[in-house]
Amino acid sequence: MTPPNGPAASGKGQNDNGGGGGKNSGRRRNRKRRNKGKAVDEYWGDRSKLPEPTSDIRITDDPAAVVRSLGRPPLPGQDHVSEAFFTAVYGRAVGLASALAAAGELIEPEELLDDA
């Protein structure tokens, strides 16, 4: 009879190391390491071909103006609620885009401050 804490109770055999990964659990793959800078350059392309950033970036006071000009959303019974949510999403998008422009030094951070 096998003791209760023996190999049969634990589910481990004599050759099992308890790693739970199968035959090759102790081995590591040797992957070719690529130069990270080279990979980034390959992905984004030649930086010298990029256009110069423009300085005519303006932040709108009414982010939903263009979408509102298309008419009410086609959601019967939910017109006013959906307009409010869409306006909030557009406002958030303009806020994030403004922060990114300031972080990328395309605009001065002071331009983001309210005059109020």
Side-chain angles (χ1 to χ4, degrees):
M1 194 179 239
T2 308
N5 294 334
S10 68
K12 296 179 186 176
Q14 290 179 351
N15 296 330
D16 192 2
N17 64 5
K23 290 183 186 179
N24 299 327
S25 64
R27 290 190 221 163
R28 291 186 178 199
R29 288 186 181 169
N30 289 331
R31 296 183 182 180
K32 290 183 179 179
R33 303 275 183 207
R34 293 183 67 183
N35 184 353
K36 191 173 185 177
K38 183 179 178 183
V40 169
D41 288 342
E42 286 177 5
Y43 180 78
W44 290 107
D46 187 10
R47 294 178 186 178
S48 65
K49 293 182 180 178
L50 292 174
E52 289 298 318
T54 60
S55 60
D56 62 343
I57 296 174
R58 292 166 291 193
I59 299 167
T60 182
D61 294 330
D62 189 7
V66 173
V67 179
R68 195 172 44 250
S69 73
L70 299 174
R72 291 200 162 177
L75 300 170
Q78 303 295 325
D79 296 347
H80 297 292
V81 175
S82 60
E83 270 188 74
F85 281 113
F86 288 143
T87 301
V89 169
Y90 303 141
R92 179 72 174 154
V94 167
L96 290 173
S98 302
L100 285 172
E105 299 178 354
L106 298 174
I107 62 171
E108 293 297 321
E110 292 80 25
E111 294 178 32
L112 299 178
L113 299 175
D114 292 332
D115 294 330

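Side-chain atoms are counted along with the backbone in the values below, which use heavy atoms only and exclude waters and symmetry mates. Remember, predicted model here, so these are calculated numbers, not experimental data.
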So, taking the atom named [atom1] in [X] and the one named [atom2] in [Y], what distance separates them when rounded to the nearest 0.5 Å?
{"X": "Y90", "Y": "E83", "atom1": "OH", "atom2": "CD", "result": "9.5 Å"}
{"X": "D56", "Y": "I107", "atom1": "CG", "atom2": "CD1", "result": "12.0 Å"}
{"X": "F85", "Y": "L75", "atom1": "CZ", "atom2": "CG", "result": "12.0 Å"}

| query | So does R72 have more than 12 non-hydrogen atoms from other groups sitting under 6.0 Å from CZ? | reply | yes
| said: Can you confirm whether more than 12 heavy atoms, excluding those of D46, are under 6.0 Å from its CG atom? | reply: yes
| What heavy-atom pair brings G91 and P63 nearest, and what distance separates the two atoms? |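 Between these two residues, the closest heavy atoms are CA-CG, 3.8 Å.
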| Closest heavy-atom pair and its distance - P74, P76 |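 The answer is O-CD, 3.5 Å.
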| said: Check for me, please, whether L100 and V94 land in the same ILVMFWY cluster - side-chain distances under 4.5 Å, paths through other members count. | reply: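 No, L100 does not connect to V94 through the hydrophobic network.
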